[in-house]
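As structure tokens, the structure follows; a few thoughts come after it.
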Amino acid sequence: MRPEILFPLFRPITALTGVGPRISKFMEKITGEHIVDVLWHLPSAFIDRRFSPKIAEAPDNTVVTLEVSIAKHFPSRNRRAPYKVSCFDETGPMDLVFFNARGDYLKKQLPEGEVRIISGTVERFQGVLQMTHPDRIGKPDELADIQTVDPVYPLTAGVTNKVMGKAIRGALEKTTELPEWLDPAFKQKKKWPHWQEALEAAHHPQEEEDLFADSLPRERLAYDELLANQLALALVRRTVRRAAGRSVTGNGNLRQQIRDSLPFTLTNSQEEALKEIEADLSEPLRMLRLLQGDVGSGKTVVALLTALIAIEAGMQAVIMAPTEILARQHMETIEPLLSGTPITPVILTGRDKGKKRTEILERIATGEAQLAIGTHALFQEDVDFANLGLAVIDEQHRFGVHQRLALAGKGQHVDVLVMTATPIPRTLMLTAYGDMDVSRLLEKPAGRKPIDTRVMALSKLEDVAHSIGRMIAKGARIYWVCPLVEESDKIEIAAAQERFDHLQSLYGERVGLVHGKMKGAEKDAVMTAFATGEIDVLVATTVIEVGVNVPEATVMIIEHAERFGLAQLHQLRGRIGRGMDASTCLLLYGAPLSENGQARLKIMRDTEDGFVIAEEDLRLRGAGEVLGTRQSGLPEFKLAQLPAHEELLAAARDDVKLILEQDPELASERGQALRTLLYLFEEDATVGYLRSG
Ligand code: ADP
Ligand code: MG
């Protein structure tokens with residue numbers, strides 16, 4: 001249960017003054033629905049109103065706070081003309097300018113003959129200083145209230161900075177000092193303020209430096225968030241590991257049979273990974289291992305051989321993919337490999353309904369199906385296993401930590417192998433997996449030829465469309481990826497349809513189309529046609545991004561490549577270069593290309609190393625955007641900025657290690673405070689893994 005001290009922070013934002021139901025709808029989009037979310041919304045700039053020159057000394061285009069005498073009002077003569085108020089001080093005159101003004105209101109605010117404090121941006125117009133729509137107007141005794149530094153917040157349509165600022169001030173008022181969860185010595189060494197103090201300061205920047213990631217208040221808040229993240233992951237991991245495992249060893253017969261039937265020998269990396277997995281499984285602990293391997297590095301066969309260990313030991317195994325297409329692809333790869341063995345795998349996806357589904361569930365429940373391949377449909381509550389021993393989760397960053405646990409819960413002590421194709425930068429690894437055991441497939445299967453990647457302007461598109469005719473004639477198979485349209489699936493699909501029509505007009509029946517809104521069976525039919533060579537050109541939206549395996553495909557064309565994240569481009573490009581033939585990737589960009597865009601496409605041209613690409617992506621874009629929203633599952637931080645706070649992340653990991661050694665159930669006073677920290681960052685579920693107290 002959430003501690004009482006946090007209750008005020010978890011009230012809806014509508015409890016804040018100035019935030020009604022209408023505004024809250026807009027605000028929620030960038031903050032979140034609770035008051036605490038508003039607190040995490042830190043300013044990106046500030047307006048300094050402390051500068052108070054005389055009128056004659058006020059520089060153009062600066063924000064100033066002036067003390068002036070009001071001379072005379074000049075109401076506008078027509079609706080377009082501005083309403084002017086002339087003022088002066090001992091150094092000269094100036095004009096206040098208003099459009100669409102209400103005269104009676106201005107007369108009250110700025111009575112002729114009186115002194116007023118005004119604050120806003122000034123400029124000179126025909127030699128006369130003027131201020132259009134002052135931000136603030138007040139009486140002389142309000143000077144101190146006006147001469148402030150106002151935080152400027154990132155905004156969204158429907159929320160002004162004034163509303164946001166007021167809401168945040170209101171939220172700050174709801175905070176109390178929380179019990180300190182930081183190690184006192186560490187905190188002192190870092191010279192960090194208390195939590196509440198840090199929040200106040202972070203929301204009231206006074207100098208440019210206060211906005212930097214390394215300002216003390218921001219560091220403190222970032223560390224809190226990272227500490228909560230690392231602690232939560234450590235608790236999940238400990239819980240999984242602790243749950244009594246069993247030693248799983250097989251006689252190796254099935255594995256040998258499969259190895260013998262493979263048309264290739266395993267790479268050293270694959271052998272190494274399998275050894276590590278075997279060692280994990282043979283221990284009476286639960287396995288929780290990550291298999292990280294670039295696209296095309298051959299994870300599937302490792303997954304299969306891992307599953308066979310469990311099956312040899314008389315248990316069931318599942319291999320789970322994030323999408324229907326991928327699950328079917330796994331089935332298609334794996335089924336023929338198993339044909340000489342007594343094992344018949346079943347596949348279960350969201351598409352299986354009614355009688356068919358019941359039959360599959362039956363076979364899973366009786367244990368007749370030793371291997372189940374599928375999507376998250378395998379998570380569902382009515383899926384019962386006779387004796388589930390192992391789960392392989394492919395392309396896992398689409399699944400959250402808690403989903404992984406849900407699956408692990410399907411068996412009494414299910415070992416888990418998580419596979420990811422996206423080379424996650426080391427920094428982010430830690431935030432997504434904590435200290436998970438990792439095996440890496442570093443080398444690509446032998447015989448692969450490098451991909452020739454070229455970058456060219458979209459204006460060449462017509463040439464490209466014609467030139468692929470020659471490639472088709474030579475028997476090439478081609479992916480044509482249509483632009484990513486973040487705002488709208490509809491536009492994205494329309495664009496794909498248009499390209500499809502265009503290419504079909506050139507190449508007729510040799511062209512197929514696949515997109516996310518197509519029915520499963522339709523998608524399958526097109527994918528199969530492409531895999532078997534019935535069609536040569538596959539026009540696609542990003543649905544082909546992950547895992548699809550057609551080794552004969554050697555050409556990839558990506559329109560508006562600059563709109564994609566690097567990780568995504570890398571994933572897409574990984575669809576080619578899988579066979580023995582040389583491959584080509586064309587990255588078409590829309591001009592003009594920003595400097596950052598140029599740098600990113602250059603990286604794609606220069607390297608195929610997913611790790612290099614991932615690190616560069618992180619450097620160029622920051623963690624928030626790496627991998628993109630579509631592949632979320634990596635935690636998104638609100639306060640921590642990676643890679644700027646990378647060192648804090650490592651410190652948090654070490655901190656957590658010590659904490660759990662010294663106070664495994666978080667029972668001490670600091671332990672209690674750390675529980676509060678977990679709740680503060682909405683890791684409620686992980687507190688459940690602790691003994692209560
Ligand atoms: P990914 O790691 O992207 O999932 P896959 O498992 O789909 O990669 O493997 C890509 C291709 O490489 C498949 O066609 C697979 O049969 C082949 N492959 C896997 N391991 C080897 C190997 N050791 N030698 C040659 N080809 C291999
Ligand atoms: Mg794969």
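All of these numbers come straight from a predicted model, not from anything done at the bench. Indexing begins at 1, ligand by ligand and atom by atom, following the structure's order.
Of the listed options G577, G298, P551, G298 places a heavy atom closest to atom 9 (O) of ligand 1.
Of all the heavy atoms of D294, the ones lying under 4.0 Å from any atom of ligand 1 belong exclusively to the backbone. Both the backbone and the side chain of T267 come within contact range of ligand 1, each with a heavy atom under 4.0 Å. Counting heavy atoms closer than 4.0 Å to ligand 1, residue M419 contributes nothing at all. No part of L441 comes within 4.0 Å of ligand 1, judged by heavy-atom distances.
Counting the atoms of ligand 1 from 1 in the order shown, those under 4.0 Å from a heavy atom of L266 are 23 (N). Every atom of ligand 1 with a heavy atom of T300 under 4.0 Å away is listed here by number and element: 4 (O), 5 (P), 6 (O), 7 (O). Atoms of ligand 1 found under 4.0 Å from any heavy atom of T265, numbered from 1 in the order shown, are 22 (C), 23 (N), 24 (N).
The closest approach between any non-hydrogen atom of S297 and ligand 1 is below 4.0 Å.
Residues H570 and G610 share a closest heavy-atom pair of NE2-CA, 3.4 Å. In plain terms, the two heavy atoms of I364 and A372 that are nearest each other are CD1-CB, 4.2 Å. Here the closest non-hydrogen pair linking L572 and M556 is O-CE, 3.2 Å. Minimum heavy-atom separation, R510 to G533: NH2-O, 3.4 Å.
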Intermediate values then yes/no, salt bridge (charged side-chain N to carboxylate O under 4.0 Å, His left out), D581 and R477: CA-CA 11 Å; D581 296 324; R477 244 168 276 169; over 6 Å; no

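Residue I343 holds its CD1 atom at 5.0 Å from CD of Q370, rounded to the nearest 0.5 Å.
Within 6.0 Å of CD on E498 lie no more than 12 heavy atoms contributed by other residues, nucleotides or ligands.
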